[in-house]
> 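Starting off with a structure, shown below.
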There are 2 protein chains.
Amino acid sequence: MLYIIGLGLYDEKDISVRGMEALKNCQKAYAEFYTNAFHGKLENLRGEIKILSREDVEGKAAFIKEAKNKDVAFLVPGDPMAATTHVDILLRAKKLGVETRIIHSSSVFSAIGETGLQIYKFGKTTSVVFPEKNYFPQTPYDVLKENLNAGLHTLLLLDVKADEERYMSVGDGIGILLEIEKKRKENVFTEETMCIGAARLGGGSAIKYARAKDLADFDFGPPPHAIVVPGKLHFVEEEFLDYLK
Amino acid sequence: MLYIIGLGLYDEKDISVRGMEALKNCQKAYAEFYTNAFHGKLENLRGEIKILSREDVEGKAAFIKEAKNKDVAFLVPGDPMAATTHVDILLRAKKLGVETRIIHSSSVFSAIGETGLQIYKFGKTTSVVFPEKNYFPQTPYDVLKENLNAGLHTLLLLDVKADEERYMSVGDGIGILLEIEKKRKENVFTEETMCIGAARLGGGSAIKYARAKDLADFDFGPPPHAIVVPGKLHFVEEEFLDYLK
(Lines give C-alpha, C1' and ligand atoms only; values in the text may rest on other atoms or scores of the structure.)
Protein backbone atom coordinates (compact mmCIF):
# COMPACT_ATOMS: atom_id res chain seq x y z
CA MET A 1 0.00 0.00 0.00
CA LEU A 2 1.21 3.50 -0.89
CA TYR A 3 0.15 6.11 1.67
CA ILE A 4 0.28 9.62 0.24
CA ILE A 5 0.28 11.75 3.37
CA GLY A 6 -0.18 15.51 3.57
CA LEU A 7 2.18 17.39 5.89
CA GLY A 8 -0.13 20.38 5.92
CA LEU A 9 0.59 24.07 5.83
CA TYR A 10 3.66 24.82 7.86
CA ASP A 11 5.70 22.44 10.00
CA GLU A 12 5.72 18.85 11.29
CA LYS A 13 2.84 19.54 13.67
CA ASP A 14 0.40 20.12 10.82
CA ILE A 15 0.23 16.44 9.88
CA SER A 16 -2.98 14.75 11.04
CA VAL A 17 -3.07 12.14 13.80
CA ARG A 18 -4.18 9.67 11.10
CA GLY A 19 -1.17 10.59 8.95
CA MET A 20 1.19 10.25 11.91
CA GLU A 21 -0.11 6.77 12.70
CA ALA A 22 0.16 5.58 9.10
CA LEU A 23 3.68 7.00 8.85
CA LYS A 24 4.80 5.09 11.95
CA ASN A 25 3.38 1.80 10.69
CA CYS A 26 4.96 2.01 7.23
CA GLN A 27 8.10 -0.01 6.50
CA LYS A 28 9.59 2.72 4.32
CA ALA A 29 9.12 6.50 4.24
CA TYR A 30 9.88 9.12 1.60
CA ALA A 31 9.19 12.84 1.31
CA GLU A 32 9.42 15.55 -1.32
CA PHE A 33 9.79 19.29 -0.78
CA TYR A 34 10.18 20.65 -4.29
CA THR A 35 6.49 21.49 -4.71
CA ASN A 36 6.40 23.70 -1.63
CA ALA A 37 8.31 24.92 1.40
CA PHE A 38 8.38 22.90 4.63
CA HIS A 39 9.43 24.66 7.82
CA GLY A 40 9.41 21.70 10.18
CA LYS A 41 11.88 19.15 11.45
CA LEU A 42 11.39 15.88 9.61
CA GLU A 43 13.33 13.99 12.30
CA ASN A 44 10.53 14.76 14.76
CA LEU A 45 8.19 12.61 12.67
CA ARG A 46 10.18 9.41 12.48
CA GLY A 47 13.75 8.17 12.22
CA GLU A 48 14.27 7.32 8.59
CA ILE A 49 12.68 9.44 5.90
CA LYS A 50 14.41 9.69 2.54
CA ILE A 51 14.00 13.00 0.76
CA LEU A 52 13.31 12.60 -2.94
CA SER A 53 14.30 15.08 -5.63
CA ARG A 54 12.00 16.16 -8.43
CA GLU A 55 13.79 13.65 -10.71
CA ASP A 56 13.25 10.84 -8.19
CA VAL A 57 9.53 11.59 -8.05
CA GLU A 58 8.77 12.38 -11.67
CA GLY A 59 11.26 9.92 -13.18
CA LYS A 60 11.18 6.20 -12.50
CA ALA A 61 9.52 6.68 -9.11
CA ALA A 62 10.91 3.44 -7.67
CA PHE A 63 9.00 4.06 -4.44
CA ILE A 64 5.69 3.39 -6.20
CA LYS A 65 6.78 -0.10 -7.27
CA GLU A 66 8.19 -0.72 -3.81
CA ALA A 67 4.67 -0.15 -2.43
CA LYS A 68 3.47 -3.28 -4.24
CA ASN A 69 4.86 -5.52 -1.47
CA LYS A 70 5.50 -3.04 1.36
CA ASP A 71 3.67 -0.30 3.20
CA VAL A 72 5.33 2.85 1.90
CA ALA A 73 4.67 6.42 3.09
CA PHE A 74 5.15 9.35 0.73
CA LEU A 75 5.04 12.67 2.58
CA VAL A 76 4.16 15.85 0.71
CA PRO A 77 3.73 19.49 1.79
CA GLY A 78 0.14 20.76 2.12
CA ASP A 79 -2.72 18.55 1.00
CA PRO A 80 -1.68 15.61 -1.20
CA MET A 81 -3.98 16.20 -4.14
CA ALA A 82 -3.51 19.95 -4.51
CA ALA A 83 -0.37 19.48 -6.65
CA THR A 84 -0.70 17.92 -10.11
CA THR A 85 2.52 15.93 -9.55
CA HIS A 86 0.81 13.98 -6.79
CA VAL A 87 -2.25 13.27 -8.92
CA ASP A 88 0.18 11.83 -11.44
CA ILE A 89 1.75 9.60 -8.76
CA LEU A 90 -1.69 8.29 -7.91
CA LEU A 91 -2.42 7.62 -11.56
CA ARG A 92 0.85 5.73 -12.04
CA ALA A 93 0.13 3.67 -8.93
CA LYS A 94 -3.31 2.77 -10.31
CA LYS A 95 -1.70 1.66 -13.59
CA LEU A 96 0.81 -0.50 -11.74
CA GLY A 97 -1.95 -2.06 -9.65
CA VAL A 98 -0.49 -0.59 -6.45
CA GLU A 99 -3.10 0.12 -3.78
CA THR A 100 -3.15 3.69 -2.49
CA ARG A 101 -4.54 5.63 0.40
CA ILE A 102 -4.62 9.42 0.58
CA ILE A 103 -4.39 11.12 3.98
CA HIS A 104 -5.42 14.73 3.71
CA SER A 105 -4.15 17.76 5.58
CA SER A 106 -4.49 21.51 5.70
CA SER A 107 -3.97 23.49 2.52
CA VAL A 108 -3.89 27.09 1.35
CA PHE A 109 -7.12 26.39 -0.59
CA SER A 110 -9.11 26.36 2.65
CA ALA A 111 -6.71 28.24 4.97
CA ILE A 112 -7.07 31.33 2.79
CA GLY A 113 -10.37 31.72 4.63
CA GLU A 114 -8.22 33.32 7.36
CA THR A 115 -8.57 36.49 5.30
CA GLY A 116 -12.26 36.52 6.25
CA LEU A 117 -13.30 36.16 2.61
CA GLN A 118 -15.89 33.48 1.90
CA ILE A 119 -14.22 30.44 0.35
CA TYR A 120 -17.10 29.67 -1.96
CA LYS A 121 -16.85 33.12 -3.54
CA PHE A 122 -13.38 32.49 -4.93
CA GLY A 123 -13.13 32.01 -8.70
CA LYS A 124 -10.39 30.16 -10.55
CA THR A 125 -7.02 30.12 -8.77
CA THR A 126 -3.91 31.27 -10.58
CA SER A 127 -0.13 31.33 -10.12
CA VAL A 128 2.34 34.15 -10.53
CA VAL A 129 5.63 32.70 -11.78
CA PHE A 130 9.14 34.12 -11.83
CA PRO A 131 9.64 35.63 -15.31
CA GLU A 132 12.52 34.21 -17.32
CA LYS A 133 14.20 35.24 -20.53
CA ASN A 134 11.52 35.02 -23.24
CA TYR A 135 8.97 33.75 -20.67
CA PHE A 136 6.64 36.24 -19.02
CA PRO A 137 3.16 34.65 -18.89
CA GLN A 138 0.20 37.00 -18.46
CA THR A 139 -2.15 34.24 -17.26
CA PRO A 140 -2.67 35.66 -13.73
CA TYR A 141 -3.80 38.92 -15.28
CA ASP A 142 -6.37 37.18 -17.47
CA VAL A 143 -7.69 35.03 -14.64
CA LEU A 144 -7.93 38.05 -12.34
CA LYS A 145 -9.81 39.99 -14.99
CA GLU A 146 -12.35 37.21 -15.50
CA ASN A 147 -12.89 36.70 -11.78
CA LEU A 148 -13.31 40.42 -11.12
CA ASN A 149 -15.83 40.67 -13.95
CA ALA A 150 -17.80 37.89 -12.24
CA GLY A 151 -17.46 39.60 -8.82
CA LEU A 152 -15.31 36.75 -7.47
CA HIS A 153 -12.23 36.73 -5.23
CA THR A 154 -8.90 35.56 -6.69
CA LEU A 155 -6.22 33.56 -4.92
CA LEU A 156 -2.84 34.17 -6.54
CA LEU A 157 -0.31 31.53 -5.58
CA LEU A 158 3.29 32.69 -5.73
CA ASP A 159 6.06 30.73 -7.42
CA VAL A 160 8.20 28.33 -5.38
CA LYS A 161 11.51 27.08 -6.70
CA ALA A 162 12.44 25.13 -3.60
CA ASP A 163 15.51 23.52 -5.19
CA GLU A 164 16.97 27.01 -5.77
CA GLU A 165 15.57 28.32 -2.47
CA ARG A 166 13.62 30.97 -4.34
CA TYR A 167 10.21 31.78 -2.88
CA MET A 168 8.25 34.63 -4.41
CA SER A 169 7.26 37.33 -1.90
CA VAL A 170 4.08 39.40 -1.91
CA GLY A 171 6.21 42.35 -3.06
CA ASP A 172 7.69 40.37 -5.97
CA GLY A 173 4.24 39.19 -7.01
CA ILE A 174 2.80 42.70 -6.95
CA GLY A 175 5.77 43.94 -9.00
CA ILE A 176 5.13 41.30 -11.66
CA LEU A 177 1.39 42.04 -11.80
CA LEU A 178 2.12 45.76 -12.20
CA GLU A 179 4.56 44.94 -15.03
CA ILE A 180 1.78 43.08 -16.85
CA GLU A 181 -0.60 46.00 -16.23
CA LYS A 182 1.95 48.29 -17.91
CA LYS A 183 1.81 46.14 -21.03
CA ARG A 184 -1.92 45.50 -21.07
CA LYS A 185 -3.28 48.80 -19.72
CA GLU A 186 -6.73 47.31 -18.99
CA ASN A 187 -6.88 48.67 -15.45
CA VAL A 188 -7.15 45.21 -13.88
CA PHE A 189 -4.33 45.50 -11.33
CA THR A 190 -2.93 48.93 -10.53
CA GLU A 191 -0.96 50.51 -7.68
CA GLU A 192 -4.32 51.49 -6.17
CA THR A 193 -5.86 47.98 -6.27
CA MET A 194 -6.88 46.92 -2.78
CA CYS A 195 -5.45 43.48 -2.12
CA ILE A 196 -4.45 41.11 0.66
CA GLY A 197 -0.99 39.76 1.32
CA ALA A 198 -0.91 36.54 3.36
CA ALA A 199 2.12 34.74 4.74
CA ARG A 200 2.54 31.48 6.66
CA LEU A 201 -1.16 30.69 7.06
CA GLY A 202 -1.55 28.35 10.01
CA GLY A 203 1.99 29.00 11.24
CA GLY A 204 1.91 32.42 12.90
CA SER A 205 0.34 34.09 9.94
CA ALA A 206 0.84 37.66 8.74
CA ILE A 207 -2.14 39.03 6.81
CA LYS A 208 -2.50 42.59 5.58
CA TYR A 209 -5.05 44.43 3.46
CA ALA A 210 -3.95 47.58 1.63
CA ARG A 211 -3.36 49.23 -1.73
CA ALA A 212 -0.96 47.24 -3.91
CA LYS A 213 1.71 49.92 -3.72
CA ASP A 214 1.64 49.90 0.08
CA LEU A 215 1.54 46.11 0.40
CA ALA A 216 4.56 45.83 -1.88
CA ASP A 217 6.72 47.54 0.75
CA PHE A 218 5.43 45.58 3.73
CA ASP A 219 7.75 42.94 5.20
CA PHE A 220 5.75 39.70 5.47
CA GLY A 221 8.71 37.64 6.74
CA PRO A 222 9.56 34.09 5.61
CA PRO A 223 7.60 32.19 2.91
CA PRO A 224 5.19 30.92 1.81
CA HIS A 225 3.36 34.05 0.67
CA ALA A 226 0.15 34.49 -1.31
CA ILE A 227 -1.90 37.38 -2.68
CA VAL A 228 -5.67 37.70 -2.76
CA VAL A 229 -7.54 40.25 -4.80
CA PRO A 230 -11.08 40.52 -3.44
CA GLY A 231 -14.04 40.71 -5.79
CA LYS A 232 -17.41 42.05 -4.72
CA LEU A 233 -17.47 42.23 -0.93
CA HIS A 234 -20.27 41.19 1.41
CA PHE A 235 -20.55 43.67 4.30
CA VAL A 236 -19.26 41.08 6.81
CA GLU A 237 -16.22 40.52 4.61
CA GLU A 238 -15.70 44.25 4.45
CA GLU A 239 -15.93 44.54 8.21
CA PHE A 240 -13.40 41.74 8.60
CA LEU A 241 -10.96 43.31 6.16
CA ASP A 242 -11.04 46.51 8.21
CA TYR A 243 -9.24 44.55 10.93
CA LEU A 244 -6.52 43.58 8.47
CA LYS A 245 -5.64 47.11 7.41
CA MET B 1 -6.74 32.89 23.96
CA LEU B 2 -9.44 31.33 21.78
CA TYR B 3 -8.14 28.40 19.71
CA ILE B 4 -10.41 27.64 16.76
CA ILE B 5 -9.34 24.13 15.85
CA GLY B 6 -10.31 22.21 12.72
CA LEU B 7 -11.29 18.57 13.22
CA GLY B 8 -10.77 17.87 9.53
CA LEU B 9 -12.73 15.75 7.10
CA TYR B 10 -13.95 12.65 8.82
CA ASP B 11 -13.22 11.48 12.37
CA GLU B 12 -11.12 12.34 15.43
CA LYS B 13 -7.91 11.23 13.70
CA ASP B 14 -8.11 14.03 11.15
CA ILE B 15 -7.16 16.72 13.67
CA SER B 16 -3.56 17.91 13.31
CA VAL B 17 -0.89 17.17 15.89
CA ARG B 18 -0.78 20.94 16.52
CA GLY B 19 -4.53 20.97 17.12
CA MET B 20 -4.31 17.98 19.45
CA GLU B 21 -1.60 19.69 21.54
CA ALA B 22 -3.50 22.95 21.79
CA LEU B 23 -6.67 21.09 22.77
CA LYS B 24 -4.88 19.27 25.59
CA ASN B 25 -3.40 22.48 26.98
CA CYS B 26 -6.66 24.45 26.99
CA GLN B 27 -8.55 24.87 30.26
CA LYS B 28 -11.95 24.57 28.57
CA ALA B 29 -13.09 22.87 25.38
CA TYR B 30 -16.19 23.26 23.22
CA ALA B 31 -17.29 21.81 19.88
CA GLU B 32 -20.05 22.35 17.35
CA PHE B 33 -21.38 19.85 14.79
CA TYR B 34 -24.26 21.70 13.21
CA THR B 35 -22.22 22.98 10.26
CA ASN B 36 -21.16 19.50 9.19
CA ALA B 37 -21.13 15.81 10.07
CA PHE B 38 -18.50 14.35 12.41
CA HIS B 39 -18.00 10.60 12.38
CA GLY B 40 -15.47 10.33 15.20
CA LYS B 41 -15.48 9.73 18.90
CA LEU B 42 -15.01 13.00 20.72
CA GLU B 43 -14.06 11.20 23.93
CA ASN B 44 -10.90 9.97 22.21
CA LEU B 45 -9.70 13.56 22.01
CA ARG B 46 -10.01 14.63 25.63
CA GLY B 47 -12.22 14.12 28.63
CA GLU B 48 -14.43 17.15 28.82
CA ILE B 49 -15.72 18.73 25.64
CA LYS B 50 -19.05 20.52 25.71
CA ILE B 51 -21.07 20.34 22.50
CA LEU B 52 -22.66 23.65 21.57
CA SER B 53 -25.89 24.06 19.64
CA ARG B 54 -26.37 26.53 16.81
CA GLU B 55 -28.03 28.88 19.29
CA ASP B 56 -25.09 28.62 21.70
CA VAL B 57 -22.66 29.54 18.93
CA GLU B 58 -24.59 32.19 17.05
CA GLY B 59 -26.31 33.68 20.08
CA LYS B 60 -24.45 35.10 23.04
CA ALA B 61 -21.44 32.86 22.48
CA ALA B 62 -20.33 32.93 26.11
CA PHE B 63 -17.28 30.85 25.21
CA ILE B 64 -15.75 33.79 23.35
CA LYS B 65 -15.84 36.00 26.45
CA GLU B 66 -14.53 33.13 28.54
CA ALA B 67 -11.43 33.10 26.31
CA LYS B 68 -10.47 36.54 27.59
CA ASN B 69 -8.96 35.06 30.75
CA LYS B 70 -8.65 31.38 29.89
CA ASP B 71 -7.29 29.21 27.09
CA VAL B 72 -10.42 27.97 25.37
CA ALA B 73 -10.60 25.46 22.51
CA PHE B 74 -13.45 25.59 20.00
CA LEU B 75 -13.52 22.48 17.80
CA VAL B 76 -15.21 22.61 14.43
CA PRO B 77 -15.63 20.06 11.61
CA GLY B 78 -13.38 20.49 8.54
CA ASP B 79 -11.20 23.57 8.28
CA PRO B 80 -12.15 26.39 10.68
CA MET B 81 -12.48 29.21 8.19
CA ALA B 82 -14.47 27.39 5.50
CA ALA B 83 -17.79 28.09 7.26
CA THR B 84 -19.03 31.67 7.50
CA THR B 85 -20.23 31.06 11.07
CA HIS B 86 -16.64 30.60 12.18
CA VAL B 87 -15.48 33.74 10.40
CA ASP B 88 -18.17 35.52 12.38
CA ILE B 89 -16.84 34.02 15.65
CA LEU B 90 -13.39 35.33 14.78
CA LEU B 91 -14.81 38.76 14.04
CA ARG B 92 -16.71 38.88 17.33
CA ALA B 93 -13.55 37.83 19.19
CA LYS B 94 -11.62 40.65 17.52
CA LYS B 95 -14.29 43.14 18.59
CA LEU B 96 -14.14 41.91 22.17
CA GLY B 97 -10.35 42.12 22.19
CA VAL B 98 -10.02 38.36 22.65
CA GLU B 99 -6.85 36.92 21.15
CA THR B 100 -7.40 34.11 18.67
CA ARG B 101 -5.40 31.38 16.99
CA ILE B 102 -6.67 29.32 14.07
CA ILE B 103 -5.44 25.75 13.68
CA HIS B 104 -6.23 24.47 10.21
CA SER B 105 -7.15 20.99 9.07
CA SER B 106 -8.25 19.09 6.00
CA SER B 107 -11.26 20.31 4.07
CA VAL B 108 -13.36 19.31 1.09
CA PHE B 109 -11.97 22.37 -0.72
CA SER B 110 -8.61 20.66 -1.17
CA ALA B 111 -9.63 17.01 -0.66
CA ILE B 112 -11.84 17.23 -3.73
CA GLY B 113 -8.53 16.84 -5.60
CA GLU B 114 -9.03 13.11 -4.93
CA THR B 115 -11.21 13.18 -8.03
CA GLY B 116 -8.05 13.82 -10.07
CA LEU B 117 -9.35 17.19 -11.21
CA GLN B 118 -6.95 20.09 -10.86
CA ILE B 119 -7.90 22.24 -7.89
CA TYR B 120 -6.95 25.50 -9.53
CA LYS B 121 -9.36 24.81 -12.40
CA PHE B 122 -12.43 24.92 -10.15
CA GLY B 123 -14.66 27.97 -10.47
CA LYS B 124 -17.02 29.33 -7.83
CA THR B 125 -18.32 26.71 -5.38
CA THR B 126 -22.04 26.35 -4.83
CA SER B 127 -24.47 24.56 -2.50
CA VAL B 128 -27.53 22.48 -3.30
CA VAL B 129 -30.05 22.96 -0.50
CA PHE B 130 -33.11 20.96 0.50
CA PRO B 131 -36.10 22.66 -1.13
CA GLU B 132 -38.79 23.87 1.24
CA LYS B 133 -42.27 25.19 0.73
CA ASN B 134 -41.91 28.39 -1.32
CA TYR B 135 -38.13 28.02 -1.29
CA PHE B 136 -36.42 26.34 -4.22
CA PRO B 137 -33.29 28.35 -5.07
CA GLN B 138 -31.82 27.91 -8.55
CA THR B 139 -28.39 29.30 -7.57
CA PRO B 140 -26.47 26.04 -8.17
CA TYR B 141 -27.82 25.97 -11.72
CA ASP B 142 -26.64 29.52 -12.41
CA VAL B 143 -23.21 28.94 -10.90
CA LEU B 144 -22.80 25.70 -12.85
CA LYS B 145 -23.78 27.44 -16.07
CA GLU B 146 -21.23 30.21 -15.57
CA ASN B 147 -18.43 27.82 -14.64
CA LEU B 148 -19.15 25.55 -17.61
CA ASN B 149 -19.13 28.54 -19.95
CA ALA B 150 -15.67 29.40 -18.60
CA GLY B 151 -14.51 25.76 -18.94
CA LEU B 152 -14.18 25.40 -15.15
CA HIS B 153 -15.02 22.53 -12.79
CA THR B 154 -17.80 23.01 -10.23
CA LEU B 155 -17.89 21.70 -6.68
CA LEU B 156 -21.49 21.35 -5.51
CA LEU B 157 -21.72 21.02 -1.74
CA LEU B 158 -24.79 19.18 -0.51
CA ASP B 159 -27.01 20.46 2.28
CA VAL B 160 -26.41 19.35 5.87
CA LYS B 161 -29.07 19.76 8.52
CA ALA B 162 -27.13 18.02 11.26
CA ASP B 163 -29.64 18.92 13.98
CA GLU B 164 -32.35 17.03 12.04
CA GLU B 165 -29.86 14.34 10.93
CA ARG B 166 -30.62 15.14 7.30
CA TYR B 167 -27.65 14.88 4.97
CA MET B 168 -28.23 15.31 1.26
CA SER B 169 -27.05 12.35 -0.84
CA VAL B 170 -25.58 12.47 -4.35
CA GLY B 171 -28.88 11.03 -5.61
CA ASP B 172 -30.93 13.75 -3.83
CA GLY B 173 -28.65 16.45 -5.23
CA ILE B 174 -28.93 15.14 -8.79
CA GLY B 175 -32.71 14.96 -8.43
CA ILE B 176 -32.86 18.61 -7.38
CA LEU B 177 -30.57 19.74 -10.22
CA LEU B 178 -32.73 17.84 -12.74
CA GLU B 179 -35.83 19.53 -11.28
CA ILE B 180 -34.27 22.93 -11.92
CA GLU B 181 -33.30 21.83 -15.45
CA LYS B 182 -36.97 20.98 -16.08
CA LYS B 183 -37.92 24.55 -15.20
CA ARG B 184 -35.05 26.32 -16.95
CA LYS B 185 -34.53 24.07 -19.98
CA GLU B 186 -31.09 25.56 -20.75
CA ASN B 187 -29.38 22.20 -21.10
CA VAL B 188 -26.96 22.88 -18.24
CA PHE B 189 -27.56 19.71 -16.20
CA THR B 190 -29.37 16.80 -17.82
CA GLU B 191 -29.62 13.07 -17.21
CA GLU B 192 -26.72 12.65 -19.64
CA THR B 193 -24.38 15.12 -17.88
CA MET B 194 -21.17 13.36 -16.88
CA CYS B 195 -20.49 14.09 -13.24
CA ILE B 196 -18.66 12.82 -10.18
CA GLY B 197 -20.19 11.70 -6.92
CA ALA B 198 -17.82 11.77 -3.94
CA ALA B 199 -18.47 10.50 -0.42
CA ARG B 200 -16.38 10.55 2.75
CA LEU B 201 -13.22 12.04 1.24
CA GLY B 202 -10.29 11.13 3.47
CA GLY B 203 -12.29 8.52 5.36
CA GLY B 204 -12.54 5.50 3.06
CA SER B 205 -13.85 7.52 0.17
CA ALA B 206 -16.27 6.41 -2.55
CA ILE B 207 -15.83 8.30 -5.81
CA LYS B 208 -17.64 7.54 -9.04
CA TYR B 209 -17.79 9.17 -12.47
CA ALA B 210 -20.86 8.52 -14.64
CA ARG B 211 -23.91 10.04 -16.32
CA ALA B 212 -26.16 11.86 -13.85
CA LYS B 213 -28.95 9.31 -14.27
CA ASP B 214 -26.60 6.42 -13.43
CA LEU B 215 -24.92 8.19 -10.51
CA ALA B 216 -28.32 8.95 -8.99
CA ASP B 217 -28.92 5.24 -8.43
CA PHE B 218 -25.48 4.44 -7.04
CA ASP B 219 -25.26 3.81 -3.28
CA PHE B 220 -22.47 6.02 -1.91
CA GLY B 221 -23.02 5.00 1.72
CA PRO B 222 -22.96 7.38 4.71
CA PRO B 223 -22.47 11.18 4.40
CA PRO B 224 -20.94 13.60 3.68
CA HIS B 225 -21.52 13.53 -0.08
CA ALA B 226 -20.58 16.03 -2.79
CA ILE B 227 -21.05 16.36 -6.55
CA VAL B 228 -18.54 17.67 -9.04
CA VAL B 229 -19.40 18.63 -12.60
CA PRO B 230 -16.18 18.76 -14.61
CA GLY B 231 -15.54 21.58 -17.04
CA LYS B 232 -13.02 21.33 -19.86
CA LEU B 233 -10.78 18.33 -19.18
CA HIS B 234 -7.02 18.13 -19.53
CA PHE B 235 -6.02 14.73 -20.96
CA VAL B 236 -4.46 13.66 -17.64
CA GLU B 237 -7.72 14.50 -15.87
CA GLU B 238 -9.59 12.50 -18.47
CA GLU B 239 -7.28 9.54 -17.99
CA PHE B 240 -7.79 9.74 -14.23
CA LEU B 241 -11.57 9.89 -14.53
CA ASP B 242 -11.49 6.67 -16.57
CA TYR B 243 -10.41 4.93 -13.37
CA LEU B 244 -13.44 6.31 -11.55
CA LYS B 245 -16.03 4.97 -14.00
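Sequence lines set the chain letters: A, B, ... in the order given, protein chains first and strands last, and positions in each chain run from 1.
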> Of B:His234, B:Gln118, B:Glu237, which meets side chain to side chain contact (heavy atoms under 4.5 Å, CB included) against A:Thr84?
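Single pass found, and it is B:Gln118.
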> Is B:Ile15 close to chain A through its backbone or its side chain, or both, or neither, when contacts mean heavy atoms under 4.5 Å?
both
> Sort A:Asp11 into side chain, backbone, both or neither according to what part of it lies under 4.5 angstrom from a heavy atom of chain B.
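Both parts, backbone and side chain.
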> Heavy-atom distance under 4.5 Å to chain A: side chain of B:Asp79, backbone, both or neither?
side chain
> Within 45 degrees of the axis of the six-membered ring of B:Phe240 and under 6.0 Å from its centre: does A:Lys94 put its NZ or CZ there?
yes
> Report which part of A:Leu9 has an atom under 4.5 Å of a heavy atom belonging to chain B: side chain, backbone, both, or neither.
side chain
> With a 6.0 Å cut-off (strictly less than), is the heavy-atom count around NZ of A:Lys232, excluding the residue itself, greater than 12?
no
> Of the non-hydrogen atoms in A:Lys124 and B:Tyr120, which two are nearest, and what is the gap between them?
CG-O, 3.2 Å
> Considering only NZ, NE, NH1 and NH2 on the basic side and carboxylate oxygens on the acidic side, decide whether B:Lys95 and A:Glu239 come within less than 4.0 Å.
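Yes, B:Lys95 and A:Glu239 are salt-bridged.
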> At a heavy-atom separation under 4.5 Å, does B:Glu114 approach chain A through its side chain, its backbone, both, or neither?
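Both parts, backbone and side chain.
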> Taking all heavy atoms of A:His104 and all of B:Ser106, pick out the closest pair and write down the distance.
CB-CB, 3.6 Å
> Looking at every heavy atom in both B:Ser105 and A:Ser110, which two are closest together, and how far apart are they?
O-OG, 4.1 Å
> Given side-chain contact (heavy atoms from CB on, under 4.5 Å), test B:Thr125 with A:Phe122 step by step and report yes or no.
CA-CA 8 Å; B:Thr125 300; A:Phe122 278 77; over 6 Å; no
> When only pairs under 4.5 Å are counted, which of A:His86, A:Glu146, A:Glu21 shares the most heavy-atom pairs with chain B?
A:Glu21
> Could you tell me whether the side chain of A:Val236 reaches within less than 4.5 Å of the side chain of B:Leu91, counting heavy atoms only?
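B:Leu91 vs A:Val236: side chains touch.
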